[in-house]
Amino acid sequence: MVGTVFPEFDPRSLDVGWSTVRNVLNHGGQTTLFRKKLTIKKVYETLSRVAAALGPGSRKLKEQLIEGLLTSADSDETDILVRIIFGEMRIGASEGVMLEAIAEAGDAPLGVVRRALMMTGDLGKVAEVALSQGEEGLTKIRASLFVPLKPMLANMAEDAAEAIEVHSGETAFEHKYDGARIQIHRRDGETRIFSRRLSDVTDSVPEVVELVEQSVGGGDVIIEGEVVAVGANDRPLPFQDLMRRFTRVKNVDEMVELVPLRLHLFDVLYLDGELLIDEPYRRRWEILESIAPGELLAKRIVTSSPEEAERFLKEALTMGHEGLMVKRLDSPYTPGSRGKAWFKIKEAETLDVVVAAADWGSGRRRSWLSNYHLAVWDEDKPMVIGKTFKGLTDEQFRWMTERLQSLKVSESSYTVHVRPMLVVEVAFNEIQRSPHYESGYALRFARVKRIREDKGAMEADTLQGVEELYEKQFRYKDRVDL
Ligand code: AMP
């Protein structure tokens, strides 16, 4: 959840290439008959030497050291070592188990252990304190700022009504800004800024630091928000321009002028000694409001009305933002996890697809072909990317049933395969990779918006177009590394 097993060894400090590791694994790793047993101390010491190796000859030395480690490792250990070397051995995977073990060993409640880890981000330290000082020692651990918490994540909702239903009524909607997420830590007047990937980007965004120093009240804090690049008329700039800001290390001042940033704060996780992640979002927002000026806060409404929320969504989209976030009022902040407390609602995109087949409905729709297999063209081959039975009126179902039967090629028990002639426009919220379809992609929340009799079959979209849309989605997602 917080940090890595050996936080001091990130891939950059170790600086070991994948080819080195691969060579060792291919030639001799795990094959030694008389392995020396690896100990944590030995791994730690060796990695320290790898990280310390600098200058001429250091590459060779690093390779030898890594080789030494990997040849002493059994297959489980190799797996762990490789993940440590490439920075993927986050505590997240086994954190729950580790925490329980520490709680038991230190005879302390699990909640207290978890909190201590949140504070320090250092599992080793938490274990040490738990064993030597027990619960009392753990409760005394102060937050160590400048150790970023993993960001809480959101699931996709189809629309406002769905989110309201899952949140059992009144809930908060915030503009979803099309930018980069940052976590701002301030301790004793010093401010540091971390990206979504938890790297320190303070030096690339001096004006954000200044803004926080001047405008955000309270003493020591951890707050979260989104920075957006804005153009001359104060509207969001394309994401690429923002990325230029984050990757820039030289001439930052020039970039500050060229690509100004706007900050939208949406959460507070820590304030003056109090970790707030277990507080309900409702209270965190109140605290945020009390320390940050209104113009720095994400635009937000609280409502149980889907119509009001949809209007708010339209407003967000017209202003050039990405959609809305929906946040359950009584939800804690759960670092690194993607649950139903936070939803995102984005503008639906549309594709023109051909109907390649249709399933007979059940229940009320028994006599209709009502579940449509939607396809796009790969050259002249229709490739299915999803199915839907949503969006049509009874009248339209009847029409589709007749039309598709006239295009029938073959029929199995539930499914009528048709000549791919009929074009429908479908709206969807997201494209996912899918092993399920030969196309490799699947639409999420697809629904028919219009039957496009005006369009010829070959005017439907292509698989290449779908691939491009898929890639575009990553502008906003994990793959973007700041
Ligand atoms: P996604 O990356 O599509 O899963 O959407 C979640 C991301 O939206 C977050 O990680 C933030 O970077 C961004 N975001 C923009 N506005 C907000 C907001 N008001 N609250 C939370 N996240 C936001």
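All residue numbers in this chain count up from 1 along the given sequence. Each ligand, and each atom within it, is numbered from 1 in the order the structure gives.
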Within a distance under 4.0 Å of any heavy atom of Glu226, pick out the atoms of ligand 1 and give their elements. 11 (C), 12 (O), 13 (C), 14 (N), 15 (C)
Check: of Lys327, Glu322, Glu430, His321, min heavy-atom distance to atom 21 (C) of ligand 1 comes from Lys327
Looking only at distance, does Trp342 have an N or O less than 3.5 Å from an N or O of ligand 1? no
So the atoms of ligand 1 within less than 4.0 Å of a heavy atom of Lys346 turn out to be 3 (O)
Just to be sure I read this right, does ligand 1 sit under 4.0 Å from the backbone of Tyr177, its side chain, both, or neither, counting only heavy atoms? both
At a non-hydrogen distance cut-off of under 4.0 Å, which region of Arg196 contacts ligand 1 (side chain, backbone, both, or neither)? side chain
Among Asp220, Leu276, Ile223, exactly one meets side chain to side chain contact (heavy atoms under 4.5 Å, CB included) together with Tyr270. Which residue is that? Asp220
One finds that the ligand 1 atoms under 4.0 Å from a non-hydrogen atom of Glu174 are 18 (C), 19 (N), 20 (N)
side-chain hydrogen bond (donor to acceptor under 3.5 Å, both in side chains) with Tyr333: of Arg284, Glu279, Glu224, only one passes, and it is Glu224
Considering only distance and modelled atom types, tabulate donor-acceptor pairs under 3.5 Å from the side chains of residues 204-214, sequence neighbours left out.
{"residue": "Ser204", "atom": "OG", "partner": "Arg248", "partner atom": "O", "Å": "3.3"}
{"residue": "Glu207", "atom": "OE1", "partner": "Arg245", "partner atom": "NH2", "Å": "3.0"}
{"residue": "Glu207", "atom": "OE2", "partner": "Arg245", "partner atom": "NH1", "Å": "3.0"}
{"residue": "Glu207", "atom": "OE2", "partner": "Arg245", "partner atom": "NH2", "Å": "3.4"}

For ring-ring contact (aromatic ring centres under 6.0 Å, His included), just list the numbers for Tyr441 and Tyr470, CA-CA rounded to whole Å, side-chain angles, deciding distance to a tenth of an Å, and then say yes or no. CA-CA 9 Å; Tyr441 295 97; Tyr470 173 79; 5.2 Å; yes
Would you please name every residue forming a ring-ring contact (aromatic ring centres under 6.0 Å, His included) with Phe194, sequence neighbours left out? His185
Any atom of ligand 1 sitting under 4.0 Å from a heavy atom of Arg300? no
Taking side chain as C-beta onward, heavy atoms only, is Pro335 less than 4.5 Å from Met152? no
Judging by distance only, is a nitrogen or oxygen of Lys344 under 3.5 angstrom from one on ligand 1? yes
Given the options Lys344, Lys346, Lys390, Glu158 meets salt bridge (charged side-chain N to carboxylate O under 4.0 Å, His left out) only with Lys390
